[in-house]
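To keep things clear, I will list the structure first and then write my remarks on it.
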There are 2 protein chains.
Amino acid sequence: MQQVAELAGVSTALVSLVMRDAPNVSDYRRQLVLAAADELGYRPNVLARNLASRRTQTIGVVLNDLHNPFFAEILDGLQAAADESDYRLLIGNGSHSQLGEERSVETFLQFRADGLVIAGSMLSDDLLERTSRTAPIVVVGRTSSSKVFDTANTDDQVGARLVIDHLVALGHQRIAHIDGGRGAGVIERRAGYRTAMRAHGLGEHIHVVRGDFTEAGGRKAAQTLMQHDRRPTAIFAGNDLSAVGALDIVENLGFDVPGDVSIVGYDNTALAAMHHVSLTTINQPTEELGRAAIGLLLERLDGDRTKATHHVAEPELIRRSTSGSPPAS
Amino acid sequence: MQQVAELAGVSTALVSLVMRDAPNVSDYRRQLVLAAADELGYRPNVLARNLASRRTQTIGVVLNDLHNPFFAEILDGLQAAADESDYRLLIGNGSHSQLGEERSVETFLQFRADGLVIAGSMLSDDLLERTSRTAPIVVVGRTSSSKVFDTANTDDQVGARLVIDHLVALGHQRIAHIDGGRGAGVIERRAGYRTAMRAHGLGEHIHVVRGDFTEAGGRKAAQTLMQHDRRPTAIFAGNDLSAVGALDIVENLGFDVPGDVSIVGYDNTALAAMHHVSLTTINQPTEELGRAAIGLLLERLDGDRTKATHHVAEPELIRRSTSGSPPAS
DNA sequence: AATGTGTATTAGAGCGCTCTAATGTAAGAA
DNA sequence: TTCTTACATTAGAGCGCTCTAATACACATT
């Protein structure tokens with residue numbers, strides 16, 4: 001920077017002003033500085049800049065599982081909104097584990113990201129609240145009544161009810177649920193499932209098997225379900241990934257989908273939309289969620305909102321080929 | 001840091017030593033400092049640390065397309081290797097575009113990442129070479145004979161040959177290829193396809209349609225292919241994603257796979273392995289590639305290798321259900 | 001006792017910027 | 001002319017660490 005200043009014959013302060021194109025710099029000097037910077041191949045050191053200005057213009061995004069297309073879709077919304085607001089996004093890999101998420105969060109905090117978006121978090125509310133004392137955070141895809149941090153998610157209870165209503169309307173009674181273990185939205189989806197089942201007078205058929213939001217998990221859970229003596233005629237999987245795994249096993253075991261068993265997922269990822277899969281599922285408006293998350297963050301960063309806000313989007317049933325009437329039997 | 005030093009009754013220098021657990025610190029003081037740090041909830045500022053030490057212990061990873069599971073799989077290898085070497089990974093989203101990749105690279109350079117891994121890059125060798133003057137970079141999934149930066153990739157020419165050999169052995173002659181536009185490995189796979197076709201005396205049947213490594217691209221290309229007056233009996237798609245798109249369309253048009261048309265992908269992603277898809281494809285050892293990339297980077301960072309090294313892994317044909325003999329006709 | 005060796009600790013000069021407060025300068029108002 | 005006001009520029013004090021060189025001290029060696 002000093003070299004640039006010398007070459008341009010100005011002070012380093014002026015170089016600084018030019019580099020972050022501040023107002024009140026004469027055109028003449030601006031050109032001088034830019035030319036000098038170009039000639040020397042000068043590139044501002046963000047570390048120093050951030051250290052001095054105490055802000056990084058960077059938002060850290062922790063994605064729970066890069067293998068799940070849902071998170072790639074959320075990221076699209078985040079990226080679009082961030083681009084518009086002149087913030088840059090850095091992504092941390094949660095590795096589908098609590099430890100992985102914690103590490104990513106820690107890295108971002110140490111790099112002094114201005115804010116964090118945590119998608120599909122497995123972290124406890126308590127930890128998240130403590131974290132948000134250091135930097136504002138928005139949790140995506142998970143409900144929370146926290147008074148401290150913001151959230152952007154779909155109403156999963158409603159989503160689960162949509163699934164059950166749909167299956168019941170088709171005539172199903174023995175509807176099982178594969179949950180998502182410690183994943184995001186698990187509690188609400190499961191509660192929604194239970195409530196809806198009872199509302200339809202099917203309380204006795206409630207059957208929950210543990211999954212983990214992965215394909216392998218869905219596979220294993222479906223195996224358990226289909227070996228059960230009163231096997232279900234419909235399976236509501238906690239997300240698309242596990243639904244696909246379940247689909248696989250069910251057909252492998254010789255059952256027809258949806259002739260013998262209906263399968264419904266959750267998230268409406270590209271996976272579900274694939275013609276070969278054509279999974280009935282619940283849509284989450286990922287673009288909206290991503291944009292909302294950035295919006296909430298910016299409100300905290302620019303303005304001075306301190307009250308926690310929870311953006312809730314509407315889920316929507318997407319009917320495809322994996323759901324139909326139960327076998328006559 | 002000063003507060004910690006005061007509370008512990010030592011100098012800031014000693015606090016610094018303790019925080020990066022350097023040797024030659026007495027146990028007694030170490031405990032004092034750690035206790036003080038804990039009490040104050042002190043967390044070192046990486047920005048300042050990096051500014052002062054001129055290294056960040058961070059490797060920037062630019063992933064071309066988060067929607068493509070191939071990159072998630074590469075990342076697994078990178079993450080594992082980075083964890084072992086005490087480096088942290090930060091991910092940049094290439095947004096499947098050149099501009100997106102450039103932006104991510106720029107961000108990482110400004111944050112002074114110690115090194116970069118660029119997976120599936122659409123950037124020019126020239127730009128990459130210039131970039132590698134600032135920080136060492138390893139390009140994954142793309143061949144290059146650069147004398148400046150390192151690469152880790154599969155031998156795509158061989159991979160393409162495996163595909164063609166397989167299809168020819170099944171009896172196919174009219175084998176078309178959907179390429180990947182400006183994506184990584186495109187040139188080699190296409191060249192491998194052409195060479196192998198000629199080697200089998202099928203030069204006249206060479207037929208390349210442009211794709212872009214996305215599902216939509218594969219879909220569109222397949223549409224074109226199947227409407228051709230001499231439509232192919234086999235399609236070699238440049239990657240799994242486009243193969244899946246092609247698969248969709250081909251079946252939608254009423255053709256049987258593999259009865260009427262065989263389809264082969266590339267990458268052996270989880271997508272291809274899905275029972276519903278069961279795509280014949282070429283395996284790339286993603287774990288090996290990821291580890292190799294980090295390894296090459298560390299050699300540059302720790303040691304002082306300056307000569308470009310190119311790690312080449314072996315591709316392998318994975319036979320599944322989308323390839324079979326051509327129709328008798 | 002003098003000297004050497006190794007370990008533990010610290011002062012203080014950077015790292016490369018930003019930002020506040022001060023200074024300079026030109027044009028319009030009183 | 002003198003005073004305002006607005007704009008343009010700069011000096012220099014941090015930001016929160018690391019790292020070199022210096023210092024202090026205990027212990028072993030001659």
Side-chain angles (χ1 to χ4, degrees), chain A residues 1-37 40-58 86 88 106-114 134-135 301, chain B residues 1-37 40-58 86 88 106-114 134-135 301:
Chain A
M1 184 158 136
Q2 219 166 25
Q3 294 178 32
V4 175
E6 274 166 27
L7 185 58
V10 299
S11 69
T12 60
L14 188 57
V15 175
S16 171
L17 290 175
V18 171
M19 292 322 287
R20 52 202 152 107
D21 40 31
N24 300 345
V25 174
S26 67
D27 238 35
Y28 172 62
R29 311 264 170 146
R30 164 165 282 127
Q31 295 313 326
L32 274 184
V33 170
L34 288 178
L40 295 170
Y42 166 77
R43 182 170 6 227
N45 181 331
V46 179
L47 295 183
R49 165 179 292 177
N50 295 343
L51 181 60
S53 69
R54 280 164 293 282
R55 58 206 271 76
T56 57
Q57 286 293 317
T58 302
D86 207 33
R88 57 180 135 210
E106 183 65 17
T107 297
F108 284 135
L109 289 182
Q110 291 186 1
F111 269 97
R112 299 296 193 264
D114 290 341
T134 308
L301 293 175
Chain B
M1 184 158 135
Q2 219 167 27
Q3 292 177 33
V4 175
E6 275 166 26
L7 184 59
V10 300
S11 69
T12 59
L14 188 57
V15 175
S16 172
L17 290 175
V18 172
M19 292 320 288
R20 50 202 154 102
D21 41 33
N24 298 346
V25 174
S26 67
D27 238 36
Y28 172 62
R29 310 266 171 147
R30 164 165 282 128
Q31 294 313 326
L32 274 184
V33 170
L34 289 179
L40 294 171
Y42 166 76
R43 187 172 359 232
N45 182 331
V46 179
L47 295 182
R49 167 178 291 178
N50 296 342
L51 181 60
S53 69
R54 282 166 291 283
R55 58 204 272 80
T56 57
Q57 286 293 317
T58 302
D86 207 33
R88 57 180 134 211
E106 183 65 18
T107 297
F108 285 134
L109 289 183
Q110 291 186 0
F111 269 97
R112 299 297 193 265
D114 290 341
T134 309
L301 294 175

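Residue numbers begin at 1 in each chain, while the letters A, B, ... track the order of the sequences. All figures in this text were calculated on a predicted structure; none of them were measured in a lab.
Positionally, the nearest nucleotide of DNA chain C for B:Val10 lies more toward the 5' end than for the other of B:Ser53 and B:Val10.
Atom CD of A:Gln31 has more than 12 neighbouring heavy atoms from other residues, nucleotides or ligands inside a 6.0 Å radius.
A:Gln2 places its CD atom 13 Å from the P atom of D:dG12, with the value rounded to the nearest Å. Summarising the geometry, the separation between CZ on B:Phe111 and C1' on C:dC17 is reported as 14 Å, rounded to the nearest angstrom. To the nearest angstrom, C1' of C:dT7 lies 13 Å from CG of B:Leu14. When the C1' atom of D:dC19 is taken as reference, atom CZ of B:Arg55 falls 14 Å away, rounded to whole Å. Note: CG (A:Leu47) to C1' (C:dT18) measures 14 Å, nearest angstrom. One can place CG of A:Asn45 at 17 Å from P of D:dC17, the figure rounded to the nearest angstrom. Rounded to an integer number of Å, the gap from CD of A:Gln110 to C1' of D:dC17 is 13 Å. In this entry the distance linking CE of B:Met1 with P of C:dA11 reads 12 Å, nearest Å.
One distance of note links CE of A:Met1 with CE of A:Met19; it measures 9.5 Å at 0.5 Å rounding.
The main-chain N or O of B:Arg112 is found under 3.5 Å from a side-chain atom of B:Thr56 such that the two form a donor-acceptor pair. When atom types are taken as modelled, the side chain of B:Arg54 and the backbone of B:Ala52 share a donor-acceptor pair closer than 3.5 angstrom. Side-chain N or O atoms of B:Arg29 include none that pairs as donor or acceptor with a backbone N or O of B:Asp27 at under 3.5 Å.
Counting heavy atoms from C-beta outward, B:Leu51 and A:Asn45 have side chains that approach closer than 4.5 Å.
Less than 4.0 Å separates DNA chain D from at least one heavy atom of each of the following residues of residues 16-35 of chain B: B:Ser16, B:Arg20.
A:Glu106 and A:Gln110 form a side-chain donor-acceptor contact under 3.5 Å, judged by distance and modelled atom types alone.
Regarding contacts with the backbone of C:dC15, every side-chain N or O of B:Arg54 stays at 4.0 angstrom or more from both OP1 and OP2.
Closest to the side chain of A:Ala13, from the set C:dT18, D:dT10, C:dA11, is D:dT10. Here C:dT10 is the nucleotide among D:dT9, D:dC17, C:dT10 with the atom lying nearest to any side-chain atom of B:Ser11. In the set C:dG16, C:dC17, D:dC17, the nucleotide with an atom closest to the side chain of A:Leu51 is C:dG16.
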